[in-house]
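Heavy-atom basis, side chains included; hydrogens, waters and symmetry copies ignored.
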Amino acid sequence: MERDHREVGASIFERVFLDNVQVYPDLTTRSFEIKAALVGELQGVRIVVSAVAVSADPVYTTEEQIFTPDSQNIDLTYTIGEDAMLWSDDEPNLYQLHICLQDQNGEVLDSTEVWTGLREFRATGDKFTINGRKTFLRGKHDGLIFPLTGYAPTDVDEWVRILAISKSYGINHYRFHTCCPPEAAFIAADLLGIYMEPELPFWGTITDESSDGHNQAEQDYLISEGFAMLRAFGNHPSFVMMSMGNELWGSKDRLNSILKAYKAYDHRHLYTEGSNNFQFVPDILEESEFFCGVRFSKERLFRGSYAMCDAPLGHVQTDLPNTLKDYDSNIVPEQGSDADPSGQTGDKEIQIQYGTGSKTVQAEAGSDQLVSHVPIISHEIGQYATFPNFEEINKYTGSLKAKNFEVFRERLNAKGLGHLAEAYFRASGKLAVACYKEELEAAFRSQQLAGFQLLDLQDFSGQGTALVGVLDAFMDSKGMITPEEWRTFCSDAVLLARFPKYNYQAGELFEARIELSYFRRQALDGLQLKWEIQSEQIEGSVLLEGKADLPATHGEHYVNIADLSIRIPEVSNMTKVELRLSIPGTDIRKSYDLWIYPSQLDVELTGLNLFTELSEAALVLLEQGEDIMLFPNPDQIQHAIQGFYSTDFWSYPMFRSISENMKREVPVGTMGLLIQQDHPAFEHFVTEEHSTYPWWSIVSESSSIILDELDKDLNPIVQTIDNFERNHKLGLLMECRVRKGEC
């Protein structure tokens, strides 16, 4: 075992040294309270403290202050003064404290440097505050995925690179899933302004002495790890929150007592009982200072997507696309509604997803009408999967190899679909981005929400391979969206238009309320909203435009700017237009695609042979060389996959097996459409290569036929992308020769 460095360095620490130096910021007095244990002889020792304002330009050193200790327990206050700089996500001002032990002659006996910041992160009502100012957490999950090494880096520069990428996508918060990162991550977060939430390394059941299988040694170890995390990293201003683990079950009393002990030990951070504890029967423990979950009852959801085994599904997966959705009524329901949060009466055994499997637990219902008194963070939102990018295989040049990607590629090639891999990746990614935009905007519209934690901005290599990121596992862009465009719906200032649908008839009234989620310091006085409706299909581009003055605000974070009421212009053909919103003089902007359909358009069906089944009459026509159009009833197609617009959730193989184990409906598992957009079939129908909202009703009311056993040269006009485990060839719209038909 390695010896303590202070034992080895006896010549350095001959008489006295400081141990366990902890720094507690105090905004009221603009000072740092310094606590430590002084080891060795007290007589003739003095403590000299100064601070370097490392974030200032130019860097400067504050006034030196001298203290004479009268006890082995050091407790002193170093005051910066009224001009002290504060630390936050948008102004991460750091101080380097120099704490020096000297003898009477000024000889240095011991010295310590502590990187810290003046900040106060609190839970106030339904929001978090930083230095008394409300903030909104725009978080991501981190599972310490590092494909080149297999372990987390311990150098600050690499963590600065990683966190800076996330910050370029509007992220200001990291939740570490059942782990704590190395100190280099906290230092990088200090420098960049990221709110960090490490988590105890536990995903299971917290037991007490009355429980079967109670393991006190394991529990003592977990608790000691928490105290070690607080001692080792508690000085970092970025360390603002701490969680007891992921999706925990078990003794609420024991969890509560652990929380209470941590809070008493170190008040610099906020604590929660865990992430998504008790799942379908959530409860907020007395000592929890914030709540992280996905629902308050079976129907009171505040996330946009769910696994099929955790149904009901979310609004992004099931609802007609719109921009009206928020979670406020689910977070704080009308009085008297949904009286039993579990949908059950009393305690009951229920089956839950547990890790990558399932488990039967004793579900103890929380309060009759669970309404949070602490800030709420939505847990692991998103999880919209994309198809693999097989070009990524070549990036695995370190100790890990992409054997999973190689298997997926072999499976796809075996089905004769390997040539479509790049197109699958591209089209599924565009749909995933649209789903993320819809979900993130719902979060920003929710005034009762305090933040969210994405799962994830980057891909996750485990659990059957969850390719849910707009960044790959290396934190490199997949080319689906730029950071600048992503920040239009993930930032401290997000323009939001509320309207009921994306498809309109010419001459119809388009009504939208324009709102702004705003958590910046800068006042909005004198600024205007500019709006335009434009189309690349129409000469002149800008069809309609206008401006509106921003209302006078007094620190509000949800601003109603204007109500638009616009008559949709006449068009002769289906037309895609873009609603563009911006606040000139700022970087705040937003765009929405809308589709306009011509009114009173007569469609001539004479001469078309339309059938809903391959009847004898249809076969006769085909035998005669005629063409037919076949629109079979989706419910009567046996060799097919149900239509599902949204891309698959997290990882199909993982959740398929969980659903099967729980004897619940398995996920559909598809990943959007791949469309031959230049095909003559779309002469009058505007489409992209990927799924867009004009396809929502079509897909939702359809099934895609499994074509695995047909000619491999059959290339559907519209193909549904299957997941990379199953790899069905799925046709939604196709043309093929049957008997003597000409096609």
Note: Tyr558 and Leu449 closest approach over all heavy atoms is OH-O, 4.0 Å
Hits for ring-ring contact (aromatic ring centres under 6.0 Å, His included) against Phe474, two or more places apart or cross-chain, chain-then-number order -> Tyr396
Please check if the side chain of Ser305 supplies one atom and the backbone of Gly382 the other of a donor-acceptor pair under 3.5 Å.
-> yes
Is any NZ, NE, NH1 or NH2 atom of the basic residue among Arg295 and Asp310 found under 4.0 Å from an Asp or Glu carboxylate oxygen of the other? no
Q. Would Arg513 and Asp563 pass as an ion pair if we require N to O under 4.0 Å?
A. yes
Examine distances only and state if a side-chain atom of Lys395 and a backbone atom of Ala473 form a donor-acceptor pair shorter than 3.5 Å. no
Check your understanding: Charged N to carboxylate O below 4.0 Å: is that the case for Asp319 and Lys325?
Key -> no
(request) Check the pair Trp486, Leu440 against side chain to side chain contact (heavy atoms under 4.5 Å, CB included), reporting the backbone distance first and the verdict last. (result) CA-CA 10 Å; Trp486 181 272; Leu440 285 169; 3.7 Å; yes
Side-chain contact, heavy-atom cut-off 4.5 Å: Val433 with Val470?
-> yes
Sorted by chain and number, sequence neighbours left out, side chain to side chain contact (heavy atoms under 4.5 Å, CB included) with Thr575 holds for Ser535, Gln537, Ile538, Val571, Val577
Notebook entry, point to check: Would Thr670 and Asp722 satisfy side chain to side chain donor-acceptor pair (under 3.5 Å), going step by step from the backbone distance to the final call?
Noted result: CA-CA 5 Å; Thr670 53; Asp722 203 9; over 6 Å; no
Nearest heavy-atom contact between Arg487 and Ser491 is O-CB, 3.2 Å
Residue set satisfying side chain to side chain donor-acceptor pair (under 3.5 Å) with Glu688, at least two apart, ordered chain then number -> Lys576
Worksheet item: Any donor and acceptor pair, going by atom type alone, linking the side chain of Gln317 with main-chain N or O of Gly314 inside 3.5 Å?
Response: yes
*Without swapping roles, check the side chain of Ser477 against the backbone of Gly479 for a donor-acceptor pair under 3.5 Å.*
yes
Hits for ring-ring contact (aromatic ring centres under 6.0 Å, His included) against Phe510, two or more places apart or cross-chain, chain-then-number order -> Phe499, Tyr504
>> Less than 3.5 Å apart, any donor N or O on the side chain of Gln463 or Trp650 sitting next to an acceptor on the other?
In response: yes
Sequence neighbours excluded, the answer for ring-ring contact (aromatic ring centres under 6.0 Å, His included) partners of His557 is Phe519
Show me, pair by pair, the donor-acceptor contacts under 3.5 angstrom made by side chains of residues 605-621, not counting sequence neighbours?
residue: Thr606; atom: OG1; partner: Glu604; partner atom: OE2; Å: 2.1
residue: Asn609; atom: ND2; partner: Asp627; partner atom: O; Å: 2.9
residue: Ser615; atom: OG; partner: Ala618; partner atom: N; Å: 3.3

With sequence neighbours left out, the residues meeting side chain to side chain donor-acceptor pair (under 3.5 Å) with Glu725 are Arg656
Check: How about Leu730 and Ile706: do any of their side-chain heavy atoms sit closer than 4.5 Å?
Finding: yes
Just checking, is any N or O donor in the side chain of Gln453 or His173 under 3.5 Å from an acceptor N or O on the other one?
yes
Closest heavy-atom pair, Glu689 versus Ala423, reported as atoms and distance to 0.1 Å, is OE2-CB, 4.2 Å
Q: Evaluate the side-chain proximity of Arg520 to Ile588: yes if any heavy-atom separation is below 4.5 Å, no if none is.
A: yes
Residues Leu581 and Ala497: closest non-hydrogen pair is CD1-CB, 4.0 Å
Q: Decide if atom NZ of Lys167 counts as having more than 12 heavy atoms of other residues, nucleotides or ligands within a radius under 6.0 Å.
A: yes
* Just by modelled atom types, is the Lys729 backbone N or O under 3.5 Å from a matching donor or acceptor in the Asp708 side chain? -> yes
Ignoring hydrogens and angles, tell me if any N or O in the side chain of Asn172 forms a donor-acceptor pair with the backbone of Leu137 under 3.5 Å.
-> no
Under 3.5 Å: donor-acceptor pair, side chain of Lys415, backbone of Arg726: yes
- [ ] Please step through side chain to side chain contact (heavy atoms under 4.5 Å, CB included) for the pair Glu665 and Ser659, ending with a clear verdict.
- [x] CA-CA 6 Å; Glu665 185 178 352; Ser659 289; over 6 Å; no
task: Please examine the side chains of Tyr424 and Leu417, heavy atoms only from C-beta on, and report whether any two atoms are closer than 4.5 Å.
output: yes
Sorted by chain and number, sequence neighbours left out, side chain to side chain donor-acceptor pair (under 3.5 Å) with Glu508 holds for Lys501
Item checked: Step-by-step side chain to side chain contact (heavy atoms under 4.5 Å, CB included) determination, Trp695 to Phe685 -> CA-CA 10 Å; Trp695 286 98; Phe685 187 87; 3.7 Å; yes
Residue set satisfying ring-ring contact (aromatic ring centres under 6.0 Å, His included) with Phe444, at least two apart, ordered chain then number -> Phe136, Phe452
| said: For the residue pair Ser166 / Lys140, report whether a side-chain donor-acceptor contact shorter than 3.5 Å exists. | reply: no
Exercise for review: Spell out, as yes or no, whether a donor-acceptor pair under 3.5 Å connects the side chain of Arg664 to the backbone of Cys309.
Suggested key: yes
Between Phe387 and Phe390, how do the two ring planes meet: parallel, tilted or perpendicular, split at 30° and 60°? perpendicular
With sequence neighbours left out, the residues meeting side chain to side chain contact (heavy atoms under 4.5 Å, CB included) with Thr488 are Glu485, Arg589, Lys590
For Leu622 and Arg739, the nearest pair of non-hydrogen atoms, with its separation, is O-CB, 4.2 Å
Checking side chain to side chain contact (heavy atoms under 4.5 Å, CB included) for the pair Glu515/Arg498: CA distance, chi angles, key distance, verdict? CA-CA 8 Å; Glu515 302 172 348; Arg498 288 187 189 246; 2.8 Å; yes
Expected output: side-chain Asp472 to main-chain Lys478 donor-acceptor under 3.5 Å:
no
Donor on one side chain, acceptor on other, Glu556 and Tyr518, under 3.5 Å: no
The single option from Thr323, Thr692, Asp593 that satisfies side chain to side chain contact (heavy atoms under 4.5 Å, CB included) with Tyr502 is Thr323
- Message: Checking Tyr436 against Glu441: is there a side-chain donor and acceptor pair closer than 3.5 Å?
- Response: no
Practice item. Using only heavy-atom distances, determine whether the side chains of His315 and Glu439 contain a donor-acceptor pair under 3.5 Å. Key: no
Heavy-atom closest pair (Leu714 atom, Glu735 atom, distance to 0.1 Å) is CD1-O, 3.7 Å
Are the side chains of Pro667 and Asp648 in touch, meaning some heavy atoms are under 4.5 Å apart?
-> yes
Ring pair (Phe, Tyr, Trp, His ring centres under 6.0 Å), that's the test. Do Tyr327 and Phe302 meet it? Break it down for me. CA-CA 5 Å; Tyr327 305 123; Phe302 46 93; 7.0 Å; no
Residue pairs meeting side chain to side chain donor-acceptor pair (under 3.5 Å), one or both in residues 629-647, sequence neighbours left out, come to none
Query raised in the report: Is it true that the side chains of Gln528 and Asp549 contain a donor and an acceptor less than 3.5 Å apart?
Result: yes
Tyr597 meets the side chain to side chain donor-acceptor pair (under 3.5 Å) criterion, sequence neighbours left out, with Asn503
